[in-house]
Structures are given as C-alpha cells and as structure tokens.
Amino acid sequence: MRLRTVLAATASTCLLIALAGPAVAGTSGGQHPTTSTDALTRADRADLQRWATDTWASFAAMTDETTGLPADNINADLSAASRSGYTSPTNIGAYLWSTVVAEKLGIIGHREAHTRLDRTLTTLSTMERHTPSGMFYNWYDEATGAKLTTFPSGEHVDPFLSSVDNGWFAAALMVVRNAEPSVRRQADALLAGMDFGAFYDANQFGGTKPGMVRGGFWVDPPAQNACPGTLPDGTPVQFTCNHYDILDSEPRIVTYIGVSRGQIPSAAYFATYRTFPASCDWSWPEQRPVGVTRNYMGLDVFEGAFTYRGMHIVPTWGGTMFEELMPDLFVPESSWGATSWGVNHPLAVRAQIEHGLADAGYGYWGFSPASNPFGGYSVYGVDEIGMDPAGYPSDREGTNVDKGYEGCRDATNPTPTFGDGIVTPHASFLALPYAPRAAVDNLRGIEDTLGAYGAGGFYDSVATRSGTAAKRYLSLDQGIIMGSLGNVLGNGLLHDAFSKGAVERTVKPLLAREQFGAGLVDAPTP
C-alpha cells in the first residue's frame, strides 16, 4: 500500500456530497445531468491507470494457460492452486472485454492481446453448448472447458442456460468483434448461433402485448421447480417460472442485444415495470411509488419512482450499483436516454454516496453484490432505492429499512441503526462517469485507510468499521472495474465497440423516447 495524503475516511459528509453534487446539478428546468470526467486530475488518472494494471494482474493469474478460460475467482495470493475450478459465460465475457481494455490502456501489447483472445475463442468453439438456441451452459471447468455437472466441492449442478449470463457473454463478443478485427471471424462464428428469442416469452400475456425475458431454461428437468415449454423452433425445454419484470436491472442487456439482432421485438423494452403500480394491491414492495402514466409504442407505462433524500429515483430490485450501471458499461444509456437514464443514473449514484456517508455514517460508499468479508457471497445495496421488501442491506448485520407503504402498510423499522457497512470497490468504478471526484477519493480511502488492496488490485469487498476484507478476486467484479476504466481512460472504448451499427440504430431510438419519473423532488415536471 502506497503512502499518500488522502481524504480521510471520516471526512466531512457535507464535503463529499458537495463533490458529488455536480453529477446531478441541473436536473430541474429541462436540463440533464453531466457525465463528464473532466474533474479528474493527472494524478487521478495515474491512479486509475495503476489500478487497471493491478486489476489486470488478477485476470492473468485467474486464467488457465492452456484453455484461456478464467476461473470464477482466485485468492489474494494469486496462486494458480487457489483458482476456483469453475467458470461461467459471464466470467469468460469479462475476461474477453478486459483483454481488449488491457491492450487499449497499454498494459499488454497487441501480440499478447491477440494470442489471449485467439486462445479463448478457440476453446469456446469446442465447448458444449445447447445447439437449438446456440447458448452456453452456466458452468464449465476452466482448465478443460468441460461442462460441469458437479462443482469441485462435490455439489450437484443441473446444467442451466441463463439469459443474463449469455447476455454478458454476447456483449463481450460484440466488443471483441469490433475492437479486434484479427479475431472478428471467430467472435462472429460464436455469435451467429445465439438466438436470444429463446429466452423471450412472446405468449406471456396471450399475445395482447409484448412479453418479457425469462431467467433461462434447463434441457432436462431440474431438481427445483420449472415450467415446461418450447423454444421458437419447437424444441422442448424446462423454463424458469420467473420473468425479468422490472426494467432497471442488469438483465436489460439481454433485451438490448435481442432487439439489435431482431430476435426480440422493440416494444418489449416497454413491457417491463419501472415500478409496480401505486396501489394497495401492490403494497408489498419497499415503498409506495410516485409517478404518472405515459404511452410509448401503444403501451401504457407507469413512470413510477421511489423517494429518497430529496430525489425521485427509478429503483432497481435490490438498490445495487451493479443493477443500475452494468448495462451502461456497454450502452451509452445516459446520452441516448437523456430524459430517462440520463437523469436516473447520476441520482442513483448520489443516493449511494449519501447513504454511505450521511444515512449510515460508514465513511465510505458503493453497495453491490460481492464476496462477504466474513465468508461466502452476499448481496448489498441501498435498501430504500430497491424494490425488494426484504431489502438488500448495506451492512454485515443485515439492517432492513422499512418505512411502510403509504396508506396500505405500516412501517416496522423507519429509523434503523446501521452496523458494519460492506462496500465493494467495483461499485465506485461504475460511478466514475457520474461522480468522478467522489469515486476516486472513495477508492483512495479504501486502498490507503482500509488497506483493502493487494497484488491483484482492490479486494472484492471490505467492512468499513472492522476493516475486515474479502481477500479474493472475482472475474465478474474485476471485469466491471476493467470495463469502467476502458470507458473512462479509453475514451468510451466499450461504448464504441459494442454500440456501433445495429445496436445504435435499434436501441437508441427506444431510449430517446422515454421520460422517467426521476428527478429532484422540488424540481418542476416538464
């Protein structure tokens, strides 16, 4: 850990919120938030570059030298012996786009990048996948590329095909094909067979309106409950019984890709909820939303929002940074959707900052699913901007905020006392475009004061009061960090590589249509 004069962990809450303030300035009067990173100094950019270099070191250590597949996770010592023994399409995708970023930032040369990408894509071409849909299964052995039916722990695996995991994998292939022409043919060959219509439920509402994307399917009946059905070509499968029914969540990447490939109808973007209706019939979510109904493409959409600290925010399910901003790594949502995501993203970041510094008093912020510093893996979020009534907590103790549902459900814990807050660095990296000054200062404090940093970059999470860190690295979270830095230091690298062509032609007009119910509470409604 380098010695440096940094903003102390106990710095004034007012100061850091003021530093984040410009990200939401001008949300009234028809103006929209800036997503500029001009506030970053030369020293800031040097630290970002150093963090990128160290983060890449964890990927190099996680990746099998023969197959080119990354492990799901690795211990802080970066020893090959501590690789997890399994990987997923999302993990592989994270490694692919991180390799592109590493080359762009000068961490590795073109020859090494080509060799790494070629090795991984060659292995992928030999791996078992579901032929009718072209999709990859959820778990493979990173050392052999074999589909797993048993984890290294001995736990049984029902081979599953996840819509969102295949979405992140396809996103990576789309980046690779445009950023690295030398391997474009290999990436295109893998993409060609992927039909995201396999996950889309066109008959969910009996054909009266567009349907939603399912969680995925099994080929064989699984141990848990499933809903039998058929793919568009008639192939029988066992679907999950759930659909991804809210917009502000990471599975929207599947809709973006499916729409751009002509496999999911454009109107499906408006079939999902921004919030559930403001009715006692829907009184189980975290709070009663506010908003109005608008019509897009013939569909009535309730533009609901939750209220938090003087802001109206379209919530995610768990109030996490990952749900809000991971799709924004690939699709420039704020610029394409100036009256929707361009308002909501900076407000969600501001809410995370104010929760960590003002509400809970942790001295740090950035809440998203991550390794639990005390063992295992857990979900973390800002409970009040998440729809889940059980709440994604922001601390070790699992503190749940419940202020009730106005007119329908009484509050049970309106003024909680928070405990040992758990922050994850990848959340701060996602926030960089929206609160660059606050994000860099937060990360410096996590590194220098909390000491949650090692040879592979930031540890996956850290408890802010006890200082206990999860001393391991996850492919997904390291990939989020690399992707964020690719956009910030690489002048929108992932945005440009992913969005050119069909994505911009089909998705940009959808985002441009919509006006969210988000904004400052006292701001006039246009």
Side-chain angles (χ1 to χ4, degrees), residues 70 72 86-97 129-130 133-140 157-175 190-191 194-201 204 211-219 222 224 226-227 231 237-261 263-264 268-269 271-273 316-331 333 368-370 377 379 381 386-388 392 426 430 474-477 479-480 483 494 498 503 507:
D72 178 84
Y86 55 90
T87 192
S88 71
T90 295
N91 294 331
I92 299 167
Y95 171 66
L96 290 171
W97 75 64
R129 54 176 164 163
H130 182 245
S133 66
M135 296 296 166
F136 283 79
Y137 291 93
N138 236 36
W139 300 112
Y140 295 88
V157 177
D158 286 314
F160 180 67
L161 298 111
S162 161
S163 57
V164 69
D165 281 279
N166 276 284
W168 294 126
F169 175 66
L173 293 176
M174 293 165 71
V175 167
L190 292 166
L191 270 170
M194 299 182 76
D195 181 6
F196 284 90
F199 299 116
Y200 173 66
D201 188 355
Q204 182 180 0
M212 301 175 186
V213 171
R214 294 179 169 101
F217 60 87
W218 298 265
V219 175
Q224 59 266 56
C227 290
L231 300 181
V237 296
Q238 305 288 321
F239 286 114
T240 60
C241 297
N242 73 295
H243 298 78
Y244 289 122
D245 56 1
I246 63 172
L247 174 69
D248 195 358
S249 190
E250 75 277 7
R252 67 183 181 273
I253 194 67
V254 177
T255 301
Y256 291 151
I257 294 172
V259 167
S260 74
R261 292 166 62 83
Q263 297 165 345
I264 295 176
Y269 181 78
T272 50
Y273 294 100
T316 65
W317 178 249
T320 75
M321 202 78 87
F322 165 76
E323 297 169 288
E324 179 76 30
L325 290 176
M326 189 168 173
D328 190 55
L329 289 178
F330 300 90
V331 176
E333 292 178 317
S368 207
Y377 186 89
V379 292
M387 295 176 68
D388 183 358
Y392 280 20
H426 79 253
L430 284 170
L474 272 61
S475 285
L476 171 58
D477 296 348
I480 289 173
L494 295 193
F498 176 83
V503 176
V507 175

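Quick note: numbers below take in every heavy atom, side chains included, and nothing from hydrogens, waters or symmetry partners. These numbers were taken from a predicted model, which means no experiment stands behind them. FYI, the numbering just counts along the sequence from 1.
- Across all their heavy atoms, Asp477 and Pro369 have their closest contact at OD2-O, 4.1 Å.
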- May I have the step-by-step check of side-chain contact (heavy atoms from CB on, under 4.5 Å) for Tyr86 and Asn91, ending in yes or no? CA-CA 10 Å; Tyr86 55 90; Asn91 294 331; 5.6 Å; no
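- Here the closest heavy-atom approach between residue Gly167 and residue Val254 is recorded as CA-CG2, 4.3 Å.
- To the nearest 0.5 Å, atoms CG (Leu173) and CG (Leu191) are separated by 4.5 Å.
- Shortest non-hydrogen contact noted between Cys241 and Ala226 is SG-C, 3.6 Å.
- In this structure the side chain of Leu430 reaches within 4.5 angstrom of the side chain of Leu329, judged on heavy atoms.
- Residues Met326 and Leu476 have side chains in contact (heavy-atom distance under 4.5 Å, counting atoms from C-beta outward).
- Taken from OH in Tyr244 to OG1 in Thr255, the straight-line distance is 11.0 Å, to the nearest 0.5 Å.
- Remark: side-chain polar atoms of Ser162 are not paired, donor with acceptor, to backbone N or O of Gly216 under 3.5 angstrom.
- Phe136 CZ to Ser88 OG: the interatomic distance, rounded to the nearest 0.5 Å, is 12.0 Å.
- Contact of the Thr320 side chain with the Ser368 side chain is registered, since non-hydrogen atoms from C-beta on lie closer than 4.5 Å.
- Side-chain contact between Ser260 and Met174 is present, with at least one heavy-atom pair separated by less than 4.5 Å.
- Of all heavy-atom pairs spanning Gly319 and Glu323, the tightest one is N-OE1, 3.5 Å.
- Inter-residue side-chain proximity for Leu247 and Tyr269 is flagged as met; some heavy-atom pair is nearer than 4.5 Å.
- Taking the six-membered ring for Trp and the full ring otherwise, the centers of Phe217 and Phe199 sit less than 6.0 Å from each other.
- The CG atom of Asn166 sits 5.0 Å away from the CE atom of Met135 when rounded to the nearest 0.5 Å.
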- For Ile257 and Phe498, run side-chain contact (heavy atoms from CB on, under 4.5 Å): C-alpha distance rounded to whole Å, both residues' side-chain angles, the deciding distance at 0.1 Å, then the answer. CA-CA 10 Å; Ile257 294 172; Phe498 176 83; 3.9 Å; yes
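- Closest of all the heavy-atom pairs between Gly211 and Ala271 is O-CB, 3.6 Å.
- Note: Trp97 and Phe330 meet the aromatic proximity criterion, with ring centroids under 6.0 Å apart.
- In this structure, Thr316 and Ser249 have side chains that are not in contact, with every pair of non-hydrogen atoms separated by 4.5 Å or more.
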- Please walk me through it: do Tyr392 and Trp317 pass side-chain contact (heavy atoms from CB on, under 4.5 Å)? CA-CA 9 Å; Tyr392 280 20; Trp317 178 249; 3.5 Å; yes
- Message: Leu231 vs Ser133, test: side-chain contact (heavy atoms from CB on, under 4.5 Å). Steps then yes/no.
- Response: CA-CA 8 Å; Leu231 300 181; Ser133 66; 4.3 Å; yes
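- Minimum heavy-atom separation, Tyr200 to Ala268: CE1-CB, 3.9 Å.
- Each of Arg252, Met212, Met387 was scored for a side chain to side chain contact (heavy atoms under 4.5 Å, CB included) with Ile246, with one residue passing: Met387.
- Counting only heavy atoms from C-beta outward, the side chains of Arg129 and Met194 approach each other to under 4.5 Å.
- Interatomic distance, CZ of Phe160 versus CG of Asp165, reported as 8.5 Å (0.5 Å rounding).
- One N or O on the side chain of Gln263 and one on the backbone of Phe196 form a donor-acceptor pair closer than 3.5 Å.
- Rounded to the nearest 0.5 Å, atoms CG (Asn242) and CG (Asp201) are 11.0 Å apart.
- With contacts defined as side-chain heavy-atom distances shorter than 4.5 Å, the pair Leu161/Val219 qualifies.
- A donor atom on one side chain and an acceptor atom on the other are found under 3.5 Å apart for Tyr256 and Glu333.
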